[in-house]
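Beneath this line is the structure, given in structure tokens, with notes to follow.
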Amino acid sequence: MLKVATRFAPSPTGPLHIGGVRTALFNWLYSKNQKGNFYLRIEDTDKERSKDEYKNQIIKSLKWIGINYDGEEYIQSTKIEDHIKVANQLLKNGYAYKCYCSNEEIEEQKKRARQKKIPYIYDRKWRDKKEADAPKDIRPVIRFKSKIDGTTILKDMVQGNVEIDNNTIEDFIILRNDGTPTYNLSASVDDHQMNMTHVIRGDDHKINTFKQIQIYEAMKWKLPAFAHIPLIHTIEGKKLSKRDKASTLDDYSKIGIMPDALRNYLLRLGWSYKDKEIFTLDESINFFNMEGIGKSPSKLDMSRILSMNEHYIKNIDENDLFIQLTEYCKLYKSEIKSDKKEKIKKSLTFLKNKAKTLEDIFNNGLYIIRDEVNFNKDDVKLIDEKARNVISDFNSQFEKIDIPSREILESIVNGLIKSHSTNFKGIGQPLRIALTGSKFGPGIYDIILSLGKEEVQKRLSAKIT
RNA sequence: GGUCCCUUCGUCUAUCGGUUAGGACACAUGGUUUUCAUCCAUGAAAGAGGGGUUCGAUUCCCCUAGGGACCGCCA
């Protein structure tokens, strides 16, 4: 049995979006499940639109979510000579021909097709014409001599057998009139030269597959297995595009979605394994299979991503969470000062409890991170004369404590509840606002213990003087 | 318009001819709770429509409807 090889082949003409990431993920998981290799091929033959910036973003994105490709990136533009060679071979063997139609001629045909409301398909004018009839002033393109009769069946690992009439495939161009190869040629040659055993790609490539199969057959190459996975749709039900908001990984990482959570979400989008929802990295490799891939497109659901992230926040190792949090703050907020870092780390247990994202944890911990309390305008109004007395009484008892503990704090608060003839809220709320600036937040004992004695006194004093 | 694909709760999905159609997210209600959350419990919520095949169809076949993809000298 040949060693399984898959690839992800994006073109660096725009930022990689989440649909592409899922395609990469499926390819990667399949190859790893089969103990095979996974490669990254950058299809940068569109010189006009390809940019290094996008190539780097693609590589960075894959790395971020934990998809490692084997070997170096395969840069398609460095293989153009090979593609041209194959085109010439096809020409020599009678599987391709030179087409001398002018741009105007083609445009005219397309226009007419549109008017008649019939699908445009190149009329194969030069398929059987003699070279001698060629106009001198036109540089020809090379077209593939597509099959006219019969049907072709694509045995798709996801979609089953898909059959089309060969005459619906036109004589597509394989070499432009500037001598450069087009996508279907390049992709076929590369897949063959890279020894791909499985081509897993978006549904939108299905028609291309029929063209590529013909190239393979003409070259007498062994066909890889194909799997066309359904596309991810926007909430409106359309194909996800680069223009859609929140579609690049950066859009997710900047709001504090963690790579493992997004990986897990993407895995379950269009793929399932019984009722299982949560997959560790190892589990996703072990359980991944083609049978689990659904046939219908699925919609992106932000609340699902958020809840998946929440699950990871609450369940991963706290040291790991802390590392991810500090990295996140450094990247998107501001680097947490080292003395605050310790406090945050100790407080993670309760800070994370009310968080769906790393950004939420950051916000929950802001009262620790910031030196100055940032008061909520409405909440601070709740600190009236009565509240000031509470704070003042608490502070004078708090001063006497050497090392604050939950038990001691509890007894102080309980005492105050009695002496002020109030309830817990009557004590807790003023303290919380004085210490954090808001009436919402972690439990009051957690707040006090996380800030430390000195800081608590400083903040309380500021509110009673 | 042509070709191809798809169709189970709002969303992601389970079911591989016989189930009270299950789970998860979201939602609603109740409970726990010092606030906000968490957590727990409960609830509402689905087989697009019509024909077949079959003792029996969500499941197999056909038609209709709806949705999607593709239709570049882009990839």
Side-chain angles (χ1 to χ4, degrees), chain A residues 9-14 42-46 48-50 76 99 101 103 106 110 113-114 116-121 139-143 154 156 158-160 162-165 167-170 172-184 186-187 201-208 210 228 230-231 233 235 237-239 265 268-278 291-292 294-308 310-311 314 350 352-356 360 364 379 413 417 423-429 431-433 436 438-445:
Chain A
S11 63
T13 54
I42 302 291
E43 304 209 326
D44 59 342
T45 50
D46 185 340
E48 302 282 299
R49 296 192 302 151
S50 292
Q76 187 166 61
C99 163
C101 286
N103 274 332
I106 298 290
K110 285 184 184 174
R114 243 177 288 139
K116 286 194 199 159
K117 294 208 169 199
I118 54 168
Y120 163 75
I121 182 162
R139 291 171 65 185
V141 297
I142 295 184
R143 288 181 183 270
L154 162 65
D156 195 282
V158 170
Q159 314 222 352
V162 183
E163 182 176 11
I164 61 154
D165 286 333
N167 64 23
T168 60
I169 304 294
E170 69 167 343
F172 55 96
I173 294 170
I174 54 177
L175 227 52
R176 300 183 185 97
N177 66 4
D178 65 0
T180 58
T182 61
Y183 168 72
N184 281 300
S186 297
R201 57 181 21 159
D203 209 5
D204 48 346
H205 278 287
K206 211 159 37 182
I207 293 295
N208 290 325
F210 287 97
H228 289 91
L231 302 174
H233 282 176
I235 210 75
K238 302 279 188 225
K239 174 182 169 181
Y265 171 78
R268 280 286 289 102
L269 191 65
W271 178 84
S272 63
Y273 182 80
K274 298 176 185 169
D275 273 349
K276 197 169 164 58
E277 298 283 351
I278 306 299
E291 294 75 48
K295 288 187 174 186
S296 53
S298 34
K299 289 178 186 147
L300 216 51
D301 180 0
M302 195 57 200
S303 71
R304 212 70 204 284
I305 297 175
L306 251 17
S307 79
M308 186 63 81
E310 184 179 11
H311 178 273
K314 287 182 180 151
F350 63 85
K352 74 177 183 182
N353 250 337
K354 35 185 52 173
K356 280 180 158 47
D360 289 344
N364 292 343
D379 294 345
V413 169
I417 290 172
N423 55 16
F424 195 101
K425 192 178 174 184
I427 310 299
Q429 195 173 70
L431 290 176
R432 176 179 289 109
I433 295 171
T436 71
S438 165
K439 66 177 172 179
F440 303 129
I444 188 64
Y445 302 132

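First the proteins, then the strands, lettered A, B, ... as listed; each starts at 1. Keep in mind the model is a prediction, meaning the values are calculated, not measured.
Base engagement by A/Asn177 is indicated by at least one non-hydrogen atom pair under 4.0 Å involving a base atom. Using a 4.0 Å heavy-atom criterion, one finds that A/Asn103 contacts the bases of the nucleic acid, with or without backbone contacts as well. Looking at heavy-atom distances under 4.0 Å, A/Thr45 makes contact with sugar-phosphate atoms alone, never a base. Within 4.0 Å (heavy atoms only), A/Glu170 reaches no atom of the nucleic acid at all. Residue-level contact check: A/His205 touches the bases, meaning some heavy atom is under 4.0 Å from a base atom. Counting any heavy atom pair closer than 4.0 Å across all strands shown, A/Asn208 reaches a base atom. Note on A/Ile173: a base of the nucleic acid sits closer than 4.0 angstrom, heavy atoms only.
Across all strands shown, B/A37 forms no Watson-Crick or G-U wobble pair with both distances under 3.5 Å. B/G56 is unpaired under the criterion used here, namely a Watson-Crick or G-U wobble arrangement in which both key atom distances are under 3.5 Å.
Of the P atoms belonging to B/C63 and B/C4, the separation is 12 Å, rounded to the nearest Å. For the C1' atoms, the distance from B/G66 to B/G49 is 10 Å, rounded to whole Å.
Look at CZ on A/Phe172: it is 15 Å from C1' on B/C70, rounded to the nearest Å. Taking atom CG on A/Leu231 and atom P on B/G67, their separation rounds to 17 Å, with Å as the unit. Rounded to whole Å, the distance from CD1 on A/Ile305 to P on B/A26 is 13 Å.
In this pair, A/Phe424 and A/Tyr445 present their aromatic rings perpendicular. The plane angle is above 60°, beyond the 30 to 60° band.
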Pairs: protein N or O with nucleotides 33-40 of chain B N or O, under 3.5 Å:
| from | atom 1 | to | atom 2 | distance (Å) |
| --- | --- | --- | --- | --- |
| B/U34 | O2 | A/Arg432 | NH2 | 3.3 |
| B/U35 | O2 | A/Lys439 | O | 2.9 |
| B/U35 | O2 | A/Gly441 | N | 3.3 |
| B/U35 | N3 | A/Arg432 | NH2 | 3.1 |
| B/U35 | N3 | A/Gly441 | O | 2.7 |
| B/U35 | O4 | A/Arg432 | NH2 | 3.4 |
| B/U35 | O4 | A/Gly441 | O | 3.3 |
| B/U35 | O4 | A/Gly443 | N | 3.3 |
| B/C36 | O2 | A/Lys354 | NZ | 2.4 |
| B/C36 | N3 | A/Lys354 | NZ | 2.7 |

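The backbone N or O of A/Gly14 sits nowhere less than 3.5 Å from a side-chain atom of A/Arg49 that would complete a donor-acceptor pair.
Comparing B/C73, B/A75, B/A69 by their closest approach to the side chain of A/Val141 singles out B/C73.
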- B/S/- contact track for nucleotides 1-19 of chain B, protein heavy atom under 4.0 Å: BSSSSSS---SBSS-----

